[in-house]
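For ligands, and for the atoms within them, numbers begin at 1 and follow the listed sequence. Values reported hereafter were calculated over all heavy atoms of this structure, with side chains retained and with hydrogens, waters and symmetry mates removed. Predicted, not measured: the structure shown is a model, and the values here were computed from it.
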Amino acid sequence: MQQQVIIELRRLVGAQYVMDQLEDRICYSFDATFRDFPPDVVVKPGNVAEIAAIVKLAGRYNVPITARGAATGLSGGAVPVKGGISLVLTRLNKIIDIDTANRVAVVETGVITQDFVNAVTQAGLFYPPDPASAKTSTIGGNIAECAGGPRGVKYGITRDYVLGMEVVLPDGSVVELGNKFDSEMAGPDWGMLLVGSEGTLGIITKIYLKLVDKPSAKQTLLAVFTSLDDAARTVSEMIASGTIPTTLEIMDNLTIRAVEDYLKVGLPVSAEAILLIEVDGSAKAIIKQAEHVIKVCQQCGATEIQTASTPEDIDKLWQARRAISPACGKLNPTKISEDATVPRSQIPTMVRRLREIAEKYNLKMVIFGHAGDGNLHPNILSNKHDHEEMERVEQAVAELFKVALELGGTLSGEHGIGYMKAPFLQWETGETGFAVGKAIKKVIDPQGLLNPGKLFNA
Ligand SMILES: O=C(O)CC[C@@H](O)C(=O)O
Ligand SMILES: [Zn+2]
């Protein structure tokens, strides 16, 4: 990159927010996929005007820009595979408004998800999306990757809460897309185009989010199984029965043991699988729901069902759930994590096929995830330095994508496409869908400045 770009960037945002030393660039070269692609320079703008000026400058010098929040991503969306500018958005971290009268929040892109959730709770309302990385991830990143989380089964994923947004387009102009209020709908919902767009179409700077009522009561249950197949069957039976719990999380035996080893919370380590189920609603409604949940679990072979009775017990179970990723990371820091998602009725088949794939390629795979949403997280505990093993991993991943698509599913339920899944995107979109995506990218970003190498620019 030309030195002149760095000089001008320093002038635009202040020298302390422009970093081009190798040690800085390395720190911003990876996300939770742990494959490193260093940017040429790291820039931390403080407001939308600075972002617009940076984008214009990048256009003049033809330098790629990759936006980055907290980089907790598991598909590589925020890593600059073609170098250029890593645009770190964490200084835009104001919660501008929580408008309880209209049930809309206005936040800057770099607000930490959990900080936002806490502020909404304090205001007496509820923002349901709850990605496991909420304590670290940013709202802008959640939207760029369309994050989900355990509550997706009942409440939907980030997409379902995005009303509109302010965006810096690739030519440096600033535009408001979508709606500010739930009931607005003037023309197509262009804002939706940006959800899951991984910073390839514009830089999201401000977001309007929908808020809902806080459920007054909840109940948390842990169902224990001696067979993973029974647990998987419970998931599809539960959904088919019409009772939609707030969460319906599955963990296989390897997952249970990994978490227990990491956190020691008293999970049943001899179980072949557990389901972590929560129901919410009015105090009266949850009693009925919990009874039904217990009935379905028992019919499908649960050997034990525990009810978490104190807030501490509930917290412990959720701590355990949120610890799965780090616990598996402790077993193998360079693990490969997937989120291919299938129709919920296909969960038993998907679980079976995943185990066959692990056996066929002789790989250690843990299976967990938001089963109630059809979204499983097979994690392959592979070592990126073992080339022979990595070849088997690549084949296994390709096969699991094929299976998910064959079953009517998708490559990604919540982690996005990133550089990891970009080579497979066309399998899902088909040739025509891919061409449409490419054409949209070309119209909005003719120079290909924003996050090149991702999605349709693969
Ligand atoms: O590490 C993973 O595979 C999943 C991360 C996250 O989506 C979760 O559900 O915990
Ligand atoms: Zn997840």
Among all protein heavy atoms in this structure, tell me which lies nearest to [atom], with the distance rounded to 0.1 Å.
| atom | value |
| --- | --- |
| atom 4 (C) of ligand 1 | His377 CD2, 3.5 Å |
| atom 3 (O) of ligand 1 | Ser337 OG, 2.4 Å |
| atom 10 (O) of ligand 1 | Arg321 NH1, 3.1 Å |
| atom 7 (O) of ligand 1 | His415 NE2, 2.7 Å |
| atom 1 (O) of ligand 1 | Ser325 OG, 2.3 Å |

Which atoms from ligand 1 have a heavy atom of His370 less than 4.0 Å away?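 Those qualifying, in numeric order: 9 (O).
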
For ligand 1, which atoms sit closer than 4.0 Å to a heavy atom of Ala132?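 Numbered from 1, ligand 1 contributes 6 (C), 8 (C), 10 (O).
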
Please determine whether Glu414 has a backbone or side-chain N, O or S atom lying under 2.8 Å from the Zn ion (ligand 2).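 Yes - counting backbone and side chain alike, Glu414 has an N, O or S atom under 2.8 Å.
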
Are any N, O or S atoms from His415 nearer to the Zn ion (ligand 2) than 2.8 Å? no

Flag for [Y]-[X]: side-chain donor and acceptor within less than 3.5 Å:
| X | Y | result |
| --- | --- | --- |
| Thr341 | Asp339 | no |
| Thr255 | Asp252 | yes |
| Gln122 | Asn118 | no |

State if Glu338 counts as touching ligand 1 under the rule of any non-hydrogen atom under 4.0 Å. no

Using a heavy-atom cut-off of under 4.0 Å, does the side chain or the backbone of [X] touch ligand 1, or both, or neither?
| X | answer |
| --- | --- |
| Leu74 | side chain |
| Asn379 | side chain |
| Arg322 | neither |
| Lys335 | side chain |

N-O pairing of Lys210 and Asp160 below 4.0 Å: no

Check ion pair Glu278-Arg321 (N to O, under 4.0 angstrom): no

Looking only at heavy atoms, what is the nearest atom pair of Glu249 and Trp318, with distance?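 Looking at all heavy atoms of both residues, the shortest contact is CG-CH2, 4.1 Å.
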
Could you tell me whether the side chain of Gln289 and the main chain of Pro245 form a donor-acceptor pair under 3.5 Å?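 Checked: no pair found.
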
Mind telling me whether His377 and Phe368 have parallel, tilted or perpendicular rings, with 30° and 60° as the class edges? perpendicular

Please determine whether side-chain hydrogen bond (donor to acceptor under 3.5 Å, both in side chains) holds for the pair Glu272 and Ser227, giving the CA-CA distance in whole Å, both sets of side-chain angles, and the decisive distance to 0.1 Å. CA-CA 5 Å; Glu272 276 308 310; Ser227 134; over 6 Å; no

Can you give me the NE2-the Zn ion (ligand 2)-NE2 angle for His370 and His377, to 10°?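 It rounds to 100°.
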
Please say which of Arg392, Gln395, Glu399 ends up in a side-chain hydrogen bond (donor to acceptor under 3.5 Å, both in side chains) with Tyr361.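 So, applying the side-chain hydrogen bond (donor to acceptor under 3.5 Å, both in side chains) to Tyr361 and each of Arg392, Gln395, Glu399, only Glu399 qualifies.
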
